[in-house]
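These numbers come from a predicted model, not from an experiment. The basis for the numbers below is simple: all heavy atoms, side chains too, and nothing from hydrogens, waters or symmetry mates.
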Amino acid sequence: QTRTSGTAAQIGQDRYFKIRTTGFDISNTTKLDFGHSRLALTYGGDWFQDRVDTLDIYSNGDETTPSGKRSVYGGFLQGHYTWSIVDVIAGLRYDGYELSGGKTSSDGDRLSPKLTVGVTPLTGLQVYGTYAEGYRAPSITETLVDGLHPSPSTFRFIPNPNLKPEVGKTLEAGVNLKYDNVLSAGDKFRGKVSVFQNDVTDFIDGVFVDPGNLCSTRLVCTASYYTYQNVSKARLTGVEAEFAYDAGRWFASLAGSSVRGDNRTTGEPLQSVYPDKLILGAGMRFFEEKLTVGARLTMVDEQKRLPTSALTTASKAYALVDLYADYKITPDARAYVTLENVADVRYKRYRDGDYSPGFVGKIGFSTRFGT
């Protein structure tokens, strides 16, 4: 980037933000048939590395987007056993990471199990329960972010070189629905409802601290700061649901989620949990289903369930309408148009510092070569 405004000495000065990611993901599935039962073994590994190099001599962009290197790697083995109306999925995953930047470095690894048991008592209806553990390494920015927030708000970002990885233990239960030929020949109905509870040790929470609510009255927030911290004991609970009906010539869908997060040490809400969301969609197909036109309504609730030190980060509710059209020229080529936020709503997503774009129109073409 080249600066185009400011003093004579500042104009023409350069800065850069280079982020390079390399990695691989490889897996394979071996299927075994035992007559009345089946077993699918899936195994594989993955690795990626982020290298971030930034330079901003005349400002602090290289502090708020810090340089560093992070490698994340893992391997897994999972078995899916099916017998009559019972499905059992059991697996183990190994995760590890290495992070470095400046004078800071950290690393860690863990073995995480998973077990899911599903039962299909009626055709098209499956109930299941899952216990799973997970591991998430801290990112470069979460660990090393530093410096003053850009104008107009002047609170400070504080690094946390001692940030630890998250370890989550999740209980989930749900229902899967799968029915064909419901209202007419060839139609499809799919649905899923799940509830979960995730107990996390060392949960990484982005925390904005505003002593005395200074930022609610003026933009110079000299006593305020933003940092990432480990919450020793956190709990996330929630429900997610999605339903879709497709009759060929027309289709409709409904999806929503609601999550609550709490710091189990202080009893206050977590700051990094996003608000409730509901998405409605519908559309039609024409010209032998080559042309698809549709609309989507996204409704996001306000978020004011926050710790007392961060009430100024609360967000307001908003609703967005998107329209789209997709024409399948050949089985491998399509043209499309999307019209996002057609009402040009001025809104700010939770935890964003600036307002999101208003009306956005896109037109595109995609094709695929080969078999």
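- Heavy-atom contacts from other residues, nucleotides or ligands closer than 6.0 Å to CG of Asp354 number 12 or fewer.
- The distance between the ring centers of Phe189 and Tyr245 does not fall below 6.0 angstrom.
- Judged by the 6.0 Å distance and 45° axis criteria, Lys290 is not positioned over the aromatic ring of Phe287.
- Taking a 6.0 Å sphere around CZ of Arg351, one finds it holds more than 12 heavy atoms contributed by other residues, nucleotides or ligands.
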Could you walk me through whether Lys316 and Asp301 pass salt bridge (charged side-chain N to carboxylate O under 4.0 Å, His left out), step by step? CA-CA 7 Å; Lys316 298 180 180 179; Asp301 199 5; over 6 Å; no
Any chance you could lay out the side-chain hydrogen bond (donor to acceptor under 3.5 Å, both in side chains) test for Asp50 and Thr21, step after step, and finish with the verdict? CA-CA 5 Å; Asp50 291 328; Thr21 299; 2.6 Å; yes
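- Within the 4.5 Å cutoff, side-chain heavy atoms of Arg264 are placed close to those of Asp199.
- Of all heavy-atom pairs spanning Phe196 and Val239, the tightest one is CE2-N, 4.1 Å.
- The hydrophobic clustering, which links ILVMFWY residues whose side-chain heavy atoms are closer than 4.5 Å, places Phe359 and Tyr324 apart.
- Following chains of ILVMFWY side-chain contacts shorter than 4.5 Å, one cannot reach Leu171 starting from Val193, and the two form parts of different hydrophobic clusters.
- Not one N or O on the side chain of Glu240 forms a donor-acceptor pair closer than 3.5 Å with the backbone of Ala255.
- Between the side chain of Asn230 and the main chain of Ser232, no donor-acceptor pair closer than 3.5 Å is present.
- Taking all atoms of both residues into account, the shortest heavy-atom contact from Leu115 to Ala90 is CD1-CB, 4.1 Å.
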From CA spacing to verdict: side-chain hydrogen bond (donor to acceptor under 3.5 Å, both in side chains), Gln49, Ser71: CA-CA 4 Å; Gln49 184 179 82; Ser71 298; 2.9 Å; yes
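- Counted within 6.0 Å of NZ on Lys348, heavy atoms from surrounding residues, nucleotides or ligands total more than 12; the atom is thus considered enclosed.
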Stepwise salt bridge (charged side-chain N to carboxylate O under 4.0 Å, His left out) test for Lys328 and Glu289: CA-CA 8 Å; Lys328 188 180 297 184; Glu289 300 186 5; over 6 Å; no
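- Across all their heavy atoms, Asp202 and Glu166 have their closest contact at O-CG, 3.4 Å.
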Check the pair Thr237, Arg235 against side-chain hydrogen bond (donor to acceptor under 3.5 Å, both in side chains), reporting the backbone distance first and the verdict last. CA-CA 7 Å; Thr237 57; Arg235 172 171 288 178; over 6 Å; no
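- For Asp276 and Ser258, the side-chain atoms include at least one donor-acceptor pair closer than 3.5 Å.
- For the pair Thr29/Leu41, no side-chain contact is recorded, criterion being any heavy-atom separation below 4.5 Å from C-beta on.
- The two residues Pro307 and Glu268 come nearest to each other via the heavy atoms CB-OE1, 3.6 Å.
- When every heavy atom of Pro138 is checked against every heavy atom of Leu163, the shortest pair comes out as CB-CD2, 3.8 Å.
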Output a table of donor-acceptor pairs, distance under 3.5 Å, between side-chain atoms of residues 179-186 and any protein atom two or more places apart or on a different chain; print 'none' if there are none.
{"from": "Asp180", "atom 1": "OD1", "to": "Arg190", "atom 2": "NH1", "distance (Å)": "3.0"}
{"from": "Asp180", "atom 1": "OD1", "to": "Arg190", "atom 2": "NH2", "distance (Å)": "3.2"}
{"from": "Asn181", "atom 1": "OD1", "to": "Gly186", "atom 2": "N", "distance (Å)": "2.7"}

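- Here the side chains of Tyr228 and Val145 are in contact, with some heavy-atom distance below 4.5 Å.
- Other residues, nucleotides and ligands contribute more than 12 heavy atoms inside 6.0 Å of the CZ atom of Phe24.
- Criterion: ILVMFWY side-chain heavy atoms under 4.5 Å apart, direct or through other members. Under it, Val342 and Val337 are part of a common hydrophobic cluster.
- Inspection of the Asp326 and Thr292 side chains reveals no N or O donor paired with an N or O acceptor under 3.5 Å.
- Residues Phe76 and Gly45 approach most closely at CE2-N, 4.3 Å, considering heavy atoms.
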Intermediate values then yes/no, salt bridge (charged side-chain N to carboxylate O under 4.0 Å, His left out), Glu340 and Lys362: CA-CA 8 Å; Glu340 301 173 358; Lys362 300 177 183 178; 3.4 Å; yes
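- A salt bridge does not link Glu98 to Lys69: none of the charged side-chain nitrogens sits closer than 4.0 Å to a carboxylate oxygen.
- In this structure, the side chain of Thr54 engages the main chain of Thr65 through a donor-acceptor pair within 3.5 Å.
- In summary, Arg93 and Asp95 engage in a salt bridge, as defined by a charged side-chain N under 4.0 Å from a carboxylate O.
- For Trp83, the CH2 atom counts as loosely surrounded, since its 6.0 Å shell holds 12 or fewer non-hydrogen atoms of other residues, nucleotides or ligands.
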Step-by-step salt bridge (charged side-chain N to carboxylate O under 4.0 Å, His left out) determination, Arg3 to Asp14: CA-CA 6 Å; Arg3 184 158 185 159; Asp14 293 332; over 6 Å; no
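- Defined by atom type and a distance below 3.5 Å, a donor-acceptor pair is present between the side-chain atoms of Asn28 and Tyr43.
- Under the 6.0 Å distance and 45° angle rule, Arg346 counts as a cation-pi partner of Tyr355.
- Although no hydrogens or angles enter the test, the distance criterion places no donor-acceptor pair under 3.5 Å between the side chain of Asp332 and the main chain of Thr367.
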Could you go through the side-chain hydrogen bond (donor to acceptor under 3.5 Å, both in side chains) check for Ser315 and Glu302 one step at a time? CA-CA 5 Å; Ser315 63; Glu302 63 183 4; over 6 Å; no
